[in-house]
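Below you'll find the structure, written out as structure tokens, and then a few comments.
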Amino acid sequence: MFHDSRISRTALSAAVATLATALSAAALTFPDAAVGWTEASWDTTAYTNTAYWTDGVVNGVFSTNLNSKFTKSIPLPAGYVLDTGLRIDTGSKYEGTMSLVSEGNGTSTLYLPADVVFRTKSGKSAFAFGTLDDATNLTLDFCGAERTFLLDGTGGSLRLYGDIVNGSLKTEGTLALSLCNPGVNPFALRAEGTASGQGIIVLEGSSRPVAVPRLSSLTLDSVSLRITGNSSDTVEKVPAAFAFVTSHPFQSQITLEPNAAANLTVELASFSVPDSNAVTISGDNLGLPPAAGTANLILADGALPPLVPATGSDTALPIVPGVYGGTSYEAMGSTFVTYDAAAGFRPLDPTAEFASNIVSGAVSADNVRIAASTTITLDAPTTINSLCFGGANAVVNGTGPLTIASGMVFYPAEDNCYISVPVDFGARRGYIALPYGKRGYITQGFAGSNGITFCTSIANETRSTFVVSANTTPSTFTGDVYVNANVQFQDANFFPHGDRPGDTFVYATANLAGDTVINGLYGSGNINRTWSSGGMVYVGDNDSDGDYAGSFVASNLSLTKIGKGTVRLSGTAHTMPTFVVSEGTVILDGALITETAAATVATNAALRGCGSIAGTLTLEDAATLSATPADGDAVFSVGGDLVVNGAPNLDVAWTDDGTASVVEVTGVVDAGTADATLVVNFPSRSEGRHLVMRAAGGFTADFIPGVNSGRLTLSADGTELYCDHTIATVITLH
């Protein structure tokens with residue numbers, strides 16, 4: 001229920017504190033969408049008018065009967081508490097703007113001790129808290145906690161007009177969240193995109209001066225930041241605690257949209273690009289001297305960002321590593337970016353500020369843009385600053401090598417551009433921006449000591465099919481690899497392994513050839529095969545650890561865990577012909593290996609966690625299978641038989657409710673070798689009879705209790721194995 005909070009300030013504060021404490025302890029649940037707001041007219045209707053709520057119960061659900069194109073205001077009394085938050089299910093026909101507002105007696109406080117979920121199918125719909133009018137605006141009090149606004153969908157927007165106090169804001173989703181008025185209480189904002197789309201945070205041009213920064217900290221996780229200007233000159237300050245993060249494949253963006261009659265200046269207290277990400281900076285008239293209709297993105301202390309290399313001529317300008325830019329939103333990511341101390345970040349002019357040729361054997365600080373259908377041959381060591389392909393069928397070939405001093409490479413939105421010469425990034429990280437849905441190629445190896453990031457220069461674009469071919473000159477680079485785009489690695493030796501340190505992070509799609517060896521594996525994307533290539537992916541070289549939340553999606557690409565490290569798999573859809581733990585440990589953290597013909601845990605290796613193996617699982621002598629509770633689940637499932645060779649271990653854990661974790665076997669627990677014995681280990685004895693294994697096809701292997709175990713007993717029908725707290729004995733099953 002929602003509470004009319006026309007009560008004393010002391011009582012209100014106590015109520016809010018109680019609500020916040022209670023709600024922070026458990027996940028929020030919302031009423032069914034079939035109940036909620038029922039009014040479809042578009043006059044002004046008070047939120048507390050129970051005549052327009054199903055059964056007169058105010059429950060915070062706005063369902064799909066909102067179907068007008070008009071604006072609707074829903075007044076709230078001052079000091080109201082939305083104790084279960086809001087869910088807005090606007091539906092595909094809704095194209096209007098619905099606003100929660102103050103009753104009209106001046107800006108009032110709305111207490112929000114719970115979260116907001118906003119769903120829409122229409123790109124024209126919007127929901128707002130407050131207005132630009134002080135008489136109807138709202139201050140949002142988050143009751144001392146971080147509040148999540150889940151923007152679940154692909155269209156529409158959510159606008160917050162008032163100040164935010166007493167808490168921080170987290171946004172998650174693919175829609176646009178607009179902060180429309182500056183307020184006087186800076187707050188922390190953490191914005192996260194999703195795997196299916198990139199969120200947008202909009203700092204809209206305010207109707208009043210920005211006296212203080214709106215934000216105390218800002219973290220963008222695969223989210224773009226768009227800042228619009230007011231009709232008068234606007235200065236927007238972004239705080240020192242400003243960070244880009246990548247957990248999805250989309251590239252971070254900063255877009256400035258000044259009012260045509262005024263200058264928009266955005267002042268960054270700090271700026272850096274992490275190895276895991278790349279950034280596009282674009283804006284109308286970006287980096288021109290301040291004037292009407294120009295945008296300037298500057299650093300607060302006047303210091304330069306990292307620039308490479310030193311300035312020279314008009315074609316030897318320094319550029320910002322990891323950053324691509326454009327002169328408008330439509331042109332974002334089409335060129336490199338430099339920095340001017342007076343005007344700030346500025347995209348390079350694609351025609352006037354690039355050299356058009358590379359001289360074989362020369363050492364140059366030029367940024368080079370190769371025109372369409374141009375071939376350049378380099379048969380001696382050559383150096384340039386950056387390399388940009390300007391159109392289809394542009395090629396750099398030869399024996400080289402070509403040193404790209406800045407590490408920056410750009411492929412265009414046209415087909416068949418090639419780097420067919422060995423490339424050296426030196427101590428710089430290589431940033432390779434891939435084409436917009438088109439095909440580009442690398443056919444020689446890379447050298448360097450700071451890794452490579454594959455990215456897309458356009459937001460939300462992962463269709464790009466980039467090919468790294470089998471190289472006649474092998475790659476020798478070291479450092480981490482980030483796959484933030486769709487890349488086909490036909491070169492199975494591309495990734496660091498062996499004497500080459502560096503882990504692999506897959507956030508988009510890595511299409512691998514057979515028998516690929518990598519060190520640590522991280523990320524949340526997809527691992528597929530290159531066309532019809534199959535074979536084995538060896539993960540964990542150099543005893544590396546890993547934590548992969550993505551999926552293996554190829555039916556002919558198998559996985560073998562090597563090395564003494566630990567790899568966690570938490571994706572939910574792994575498809576592979578074979579799955580082998582040959583060394584170290586694999587933890588299935590709820591992972592579902594859905595199409596596995598055979599899985600094996602080798603001698604002295606371990607498979608732990610709670611997940612599922614679709615096929616037959618074989619445990620070799622001294623191997624360990626450990627059913628360890630994960631995410632509240634305490635069941636390890638085997639879709640085929642469990643084959644026991646020698647004397648492997650089954651480690652059983654206690655769950656939160658005091659029962660034992662369970663191994664479920666669809667087939668038979670079978671002795672693969674003579675005198676095969678499965679040793680069952682508990683962390684400690686516990687009173688009672690505890691189910692530890694269920695096999696629908698029965699048991700043919702022997703069992704013995706291990707350390708701290710009691711007596712093993714079998715159910716009357718021969719399909720369930722229990723452990724009792726009694727004298728340890730051996731149970732023989734035939």
Side-chain angles (χ1 to χ4, degrees), residues 191 193 198-200 219-226 242-255 268 270-283 286 297 305-308 318-326 329 331-339 345-348 367 385-389 404-413 423 425 428-436 440 442 446 448 450-464 466 468 477 479-487 504-510 522-525:
Q198 181 166 0
I200 302 173
T219 301
L220 301 178
D221 186 346
S222 303
V223 169
S224 65
L225 174 65
R226 191 163 73 232
F242 173 45
F244 298 109
V245 183
T246 295
S247 62
H248 305 295
F250 308 123
Q251 185 167 316
S252 297
Q253 298 174 31
I254 301 176
T255 303
L268 301 180
S270 64
F271 180 83
S272 63
V273 180
D275 292 347
S276 60
N277 204 349
V279 177
T280 60
I281 299 175
S282 60
L286 178 65
L297 182 65
L307 293 171
V308 290
I319 61 174
V320 185
V323 179
Y324 299 85
Y329 182 83
M332 69 167 54
S334 59
T335 186
F336 300 124
V337 172
T338 187
Y339 188 87
F345 292 89
R346 178 178 67 79
L348 268 62
N367 300 297
N385 186 35
S386 66
L387 178 60
C388 181
F389 291 105
I404 301 178
S406 69
M408 296 289 287
V409 178
F410 174 82
Y411 280 76
V423 170
F425 291 133
R428 295 286 177 184
R429 165 159 288 270
Y431 286 94
I432 303 177
L434 305 185
Y436 180 84
I442 293 174
F446 283 93
N450 200 20
I452 295 176
T453 298
F454 294 93
C455 59
T456 58
S457 56
I458 304 296
N460 297 355
E461 179 52 57
T462 58
R463 296 177 300 159
S464 49
F466 192 79
V468 178
F477 74 90
D480 296 337
V481 176
Y482 289 88
V483 183
N484 296 347
N486 187 351
V487 184
T504 297
F505 297 75
V506 178
Y507 290 111
T509 299
Y522 297 84
S524 56

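Hydrogens, waters and symmetry mates play no part in the numbers below; they use all other heavy atoms, side chains included. FYI, the numbering just counts along the sequence from 1.
- In this structure, A485 and T456 approach most closely via the heavy-atom pair CB-CG2, 3.6 Å.
- No side-chain donor-acceptor contact under 3.5 Å links S334 to the backbone of G326.
- At distances below 3.5 Å, not a single donor-acceptor pair connects side-chain atoms of N486 with backbone N or O atoms of A508.
- Put simply, CD1 on I254 and CG on L268 are 5.5 Å apart, with the number rounded to the nearest 0.5 Å.
- Of the residues Y431, F271, Y339, the one that meets the side chain to side chain contact (heavy atoms under 4.5 Å, CB included) test with V323 is F271.
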- In sequence, state the C-alpha distance, the side-chain angles, and the governing distance for V409 and F425, and then conclude on side-chain contact (heavy atoms from CB on, under 4.5 Å). CA-CA 10 Å; V409 178; F425 291 133; 4.2 Å; yes
- Should L434 and V487 be marked as a side-chain contact (heavy atoms from CB on, under 4.5 Å) after you check the CA-CA gap, both sets of side-chain angles, and the distance that decides it? CA-CA 9 Å; L434 305 185; V487 184; 3.6 Å; yes
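- You'll find the side chain of V337 stays beyond 4.5 Å of the side chain of V279, heavy atoms only.
- Within the 4.5 Å cutoff, side-chain heavy atoms of Y507 are placed close to those of S524.
- Using a distance-only test at 3.5 Å, with no hydrogens or angles considered, a donor-acceptor pair links the side chain of T335 to the main chain of L348.
- S386 meets the side-chain hydrogen bond (donor to acceptor under 3.5 Å, both in side chains) test with N367; sequence neighbours excluded.
- Not a single donor-acceptor pair under 3.5 Å links the side chain of R428 to the backbone N or O of G448.
- Looking only at side-chain heavy atoms (C-beta outward), L220 and F242 come within less than 4.5 Å of each other.
- Atoms OG and CG, from S252 and N484 in turn, are 9.5 Å apart once rounded to the nearest 0.5 Å.
- For the atom pair L225 CG and I281 CD1, the distance stands at 10.5 Å (nearest 0.5 Å).
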- Determine, step by step, whether F466 and V483 satisfy the side-chain contact (heavy atoms from CB on, under 4.5 Å) criterion, reporting the C-alpha distance in whole Å, the side-chain angles of both residues, the deciding distance to 0.1 Å, and the verdict. CA-CA 11 Å; F466 192 79; V483 183; over 6 Å; no
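- In this structure, OG on S272 lies 8.0 Å from CZ on F244, to the nearest 0.5 angstrom.
- The shortest distance between side-chain heavy atoms of V320 and L307 falls below 4.5 Å.
- Rounding to the nearest 0.5 Å gives a distance of 11.5 Å between CG of L387 and CE of M408.
- Note that the CG atom of L286 and the CG atom of L297 stand 6.5 Å from one another [nearest 0.5 Å].
- T338 places a side-chain N or O within donor-acceptor distance of the main-chain N or O of P318, the cut-off being under 3.5 Å.
- Taking the centre of each ring, F454 and Y482 stay at or above the 6.0 Å mark.
- For S406 (side chain) and V308 (main-chain N/O), no donor-acceptor pair under 3.5 Å exists by modelled atom type.
- When side chains are defined from C-beta on, Y411 counts as touching I442, because their heavy atoms get closer than 4.5 Å.
- In this structure, D221 has no salt bridge (Lys or Arg N to Asp or Glu O under 4.0 Å) partners at least two apart in sequence or on a different chain.
- For the pair F336/Y324, a side-chain contact is recorded, criterion being any heavy-atom separation below 4.5 Å from C-beta on.
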